[in-house]
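Please read the structure below before turning to the comments.
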Protein chains: 2
Amino acid sequence: MSTVTPLPRTQHGGARDGRPELSVAAIAAAGRRLVERVGLDALSMRNVAAELDTAAASLYRHVVDREALLLAILEDIAAGLPVEVPGRTACERLQNRLVAAHDYMARHVWVLHILIRGEVVAENALPFSNACLQDFLDAGLAPREAATAFGACWHLVIGELLDEHPLAPPREPTQRSIVMSRIAPERFPAIAAVRSLDLHDRGDGTATVIGRLLGAFLS
Amino acid sequence: MSTVTPLPRTQHGGARDGRPELSVAAIAAAGRRLVERVGLDALSMRNVAAELDTAAASLYRHVVDREALLLAILEDIAAGLPVEVPGRTACERLQNRLVAAHDYMARHVWVLHILIRGEVVAENALPFSNACLQDFLDAGLAPREAATAFGACWHLVIGELLDEHPLAPPREPTQRSIVMSRIAPERFPAIAAVRSLDLHDRGDGTATVIGRLLGAFLS
DNA sequence: ACCTGAATGCGAACAGTGTACGCATAGAGC
DNA sequence: GCTCTATGCGTACACTGTTCGCATTCAGGT
């Protein structure tokens, strides 16, 4: 028997005039464009459809759900995670790759909200995960230790990003700033002692924190 | 001139028969009950209203926004964060408090999704933060180091919780499990080497990871 | 050249969401 | 008893995700 799907290039159906055909990739790209322009909250099926100059119902021919659309966008972003990075030792590569991943995700923090909504793994993130795990193994860690260490690093990165970069544009003045300004130094002396500096430059503090955590595992 | 607000116990207005009056606290409590029963996605103004046996419009007399309702719930949960914990050294107390906070938040992971949406600080979380920062200072860290260390610990905790505990109930079978089962060992050997164990008992791995991170700062 | 079948686009409709408007009500102070 | 004000709440509007059914267009068979 021959192959069951000789030519999947079927493509009949309603005319789209000059406009390019719809497809999962095109829809995901449009969704990503939309989010980067107006934010994740504005990612409605109708808005994505408008971005492609079509109607919402048309999207459902290529995407089963809104959830599926979000997954497609997640994969799109995950494909950009760094894998090959400079560094001669495994530890150096780990440090560089994790910092690079942090900086990359910092430009797309909103996908983290897609990621953490469901029990989901981006297939396009596997090369990144594999490289990190491999470096931990090469550094001499046992498999279980490597998994723990990679998990900790990843959690540190996404925790920092999610905590520091708000998803919704804050209403002015920020609730955070109001609360912080009202802190009574006699009730919370430690916070007051620290308050003045945590607004200023964290600088590349994230990189050094990652370095410290790596050191804790690769001792 | 006398005080402008002599008796804030006004309370006129529409009758609520035998039902207790509406208030921010009552609304927040009802919202929290609702989330713990049916999940954060079901927390609509109408559902909260129904929980209080009233109409959605009534809530807006006490709560300006849905956002404000979420903040009230956040404060409610934050009030339960651990502050006093056993331990004779600052390091021991830090370890115990962070682990206790992790375990507490693990029972209310959904509030983290409220927390990370906006640039927000829960006032009721200040005692917890202050205690942690104070212990870092007592352990000999400089203020900037203490802030960095506490931030790292907190990010590690919420990163782990957000990454491991999905907000939405997964559809069966899990997308994660599908992807993980399809991993080609020749393409991703490190993941394959680790895959078999990361499903099994992490046990209290979180506590040891926190301990490692603490050690990295309190060396 | 005709028909058939399937894949695609899309207008209309439905239930559910957050929120604003306006009216009815009940108590406090004169 | 009047007025004033805070409260409850019915109604309505714009918006959401999703489904149904119809129209269109092509590929393959005869």
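Each chain gets a letter, A, B and so on, in the order the sequences are listed, and its residues count up from 1.
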When the distance from [atom1] of [X] to [atom2] of [N] is rounded to whole Å, what number comes out?
| X | N | atom1 | atom2 | answer |
| --- | --- | --- | --- | --- |
| B/L43 | C/dT19 | CG | P | 12 Å |
| A/L22 | C/dA7 | CG | P | 16 Å |
| A/L52 | C/dT8 | CG | P | 16 Å |
| B/N47 | C/dT19 | CG | P | 14 Å |
| B/M45 | D/dT16 | CE | P | 19 Å |
| A/D41 | D/dA14 | CG | C1' | 16 Å |
| A/E21 | C/dC10 | CD | C1' | 16 Å |
| B/D53 | D/dG8 | CG | C1' | 12 Å |

Any N/O donor-acceptor pair, B/R46 side-chain to C/dG16 base, under 3.5 Å: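 No, no donor-acceptor pair under 3.5 Å.
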Shortest side-chain distance from [X], nucleotide among [options]:
| X | options | answer |
| --- | --- | --- |
| A/A57 | C/dT17, C/dC10, D/dT18 | C/dC10 |
| B/A55 | D/dC9, C/dT8, D/dG17 | D/dC9 |
| A/R19 | C/dC10, D/dT7, D/dG10 | C/dC10 |
| B/R61 | C/dC23, D/dT18, C/dT19 | C/dC23 |

Sugar-phosphate, base or nothing in reach of A/L59, heavy atoms under 4.0 Å: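 A/L59: no heavy atom of the nucleic acid under 4.0 Å.
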- prompt: What does A/S58 touch in the nucleic acid at a heavy-atom separation under 4.0 angstrom: a base, only the sugar-phosphate, or nothing?
  reply: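 Counting heavy atoms under 4.0 Å across all strands, the contact made by A/S58 includes a base.
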Minimum heavy-atom distance B/L161-B/H102, with the two atoms named: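 For B/L161 versus B/H102, the nearest heavy atoms are CD2-NE2, 3.6 Å.
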Taking only N and O in the side chain of [X], is any of them less than 4.0 Å away from OP1 or OP2 of [N]?
| X | N | answer |
| --- | --- | --- |
| B/T54 | D/dC9 | yes |
| B/H62 | D/dG8 | yes |
| B/R66 | C/dG18 | yes |

task: Report yes if the side chains of A/R195 and A/I183 come closer than 4.5 Å at any heavy-atom pair, otherwise no.
output: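 Yes; the side chains approach each other to less than 4.5 Å.
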task: Give a yes or no on whether a salt bridge exists between A/E123 and B/R182, defined as a side-chain N under 4.0 angstrom from a carboxylate O.
output: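 Salt bridge present between A/E123 and B/R182.
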query: Are B/R37 and B/E51 ion-paired here, with the side-chain N under 4.0 Å from a carboxylate O?
result: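 Result for this pair is yes, salt bridge flagged.
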query: Which is it for B/L43 and B/I73 under the side chain to side chain contact (heavy atoms under 4.5 Å, CB included) test, yes or no, and what are the steps along the way?
result: CA-CA 11 Å; B/L43 187 79; B/I73 300 181; 4.0 Å; yes
